[in-house]
Amino acid sequence: MLKYPEKFLEIRTDCINLPPFSALCAGYDSNHWRAKPFADHLFNWLPFAALSQENQLAFGGSNFVEMLQLAAAHIYNTKKTASRGEIGELIFHLACILHFGTSPVLCKLVLKTSSNDTVKGFDGVHILPKGDDFEIWLGESKFYSNPLRGIQDAVKSVKEHLLPAFLDMEKAMILGHVAEGVPNKEAVKKAFKPQTSKDELLKRAVFPILIAYNSDTVASHKVLSAKYTAELKAEAEKLRDYFADKAAGLTARFVLMFVPMNNKKAVIESFDKKLEAFL
């Protein structure tokens, strides 16, 4: 049984109106937004997102350096691109597990065979148990400075991934990565088999969309307060409305996760410093 790192982000505000959203924030310490602790948290999650289930279970005191080197190789080398989409995938992975109670089937970081590979398809595949049944979460993550651009690209990705030919390829790829510990394993595998209609898969599908972005609200505060929460909620509601407008016409079920940041660049720099020792 895997023991995941404890929560760091906190849901500061949420709303159940469709599409529902949650806003998760790192908070402040000594009047500064917690960029470095956030990066530390992401690094702690690296083995759980970038290693196969087999390697996660083998991770221990005798091989932790080797395993971290393997996980780091699935992310990127130093002197990388500025977008850092892999950090978005890390945030998506931990947010689904810690804050929404999902069980991971696949994080696409595992499929990267060399640094700076771009792996197409959904960024993460998770299962959310619902009594004796389950939902299949097919996720998109965007780690952008501009949240509107992130939303635009996320909607574009979903539309592309719902094309029949693409969905057939994605089903075949996911089927080969359903690990032993996945809840409802046989039923999950059946959903991705070529004999199963894509319509059956989509009946179970939920599309979580994570947007991590530079937030005016976070940047304008130094401590948590009722005023901060109210302003963050208003900011998130505007983003939810913008998403709903861009996704008009899509009949899919969405769950929105907003991760407002004060400084995306500071998170990247702190994360890189920790990662460099294992590259």
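- The ring pair (Phe, Tyr, Trp, His ring centres under 6.0 Å) test with W137 singles out one residue from F100, F207, F92, and that residue is F100.
- Taken from NZ in K7 to CG in L24, the straight-line distance is 9.0 Å, to the nearest 0.5 Å.
- Distance check: D123 CG to E86 CD gives 9.5 Å after rounding to the nearest 0.5 Å.
- Checked for salt-bridge contact, E160 and K156 meet the test: a charged N lies under 4.0 Å from a carboxylate O.
- D14 pairs by the side chain to side chain donor-acceptor pair (under 3.5 Å) definition with nothing, not counting sequence neighbours.
- Ring centroids of F122 and H161 are separated by less than 6.0 Å, placing the two rings close together.
- Between atom CZ of residue F21 and atom CZ of residue R240 there is a gap of 5.5 Å, rounded to the nearest 0.5 Å.
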**OP:** Go through the steps for E235 and Y213 under the test side chain to side chain donor-acceptor pair (under 3.5 Å), then give the verdict.
**Re:** CA-CA 12 Å; E235 180 177 276; Y213 65 97; 2.6 Å; yes
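- Separation of the F254 and F243 ring centroids falls under the 6.0 Å cut-off.
- Taken to the nearest 0.5 Å, the CD atom of Q195 stands 13.5 Å off from the CD atom of E200.
- For A191, the side chain to side chain contact (heavy atoms under 4.5 Å, CB included) criterion is met by I136, L201, not counting sequence neighbours.
- One distance of note links CG of L94 with CG of L42; it measures 6.5 Å at 0.5 Å rounding.
- Separating the CG atom in D153 from the CG atom in L148 is a distance of 11.5 Å, to the nearest 0.5 Å.
- Under the rule for a salt bridge (charged side-chain N to carboxylate O under 4.0 Å, His left out), the partners of K227 that lie at least two apart in sequence or sit in another chain are E231.
- Between L128 and V206, the closest side-chain pair of non-hydrogen atoms is not below 4.5 Å.
- With respect to D199 and K203, no salt bridge is recorded, no charged nitrogen being found less than 4.0 Å from a carboxylate O.
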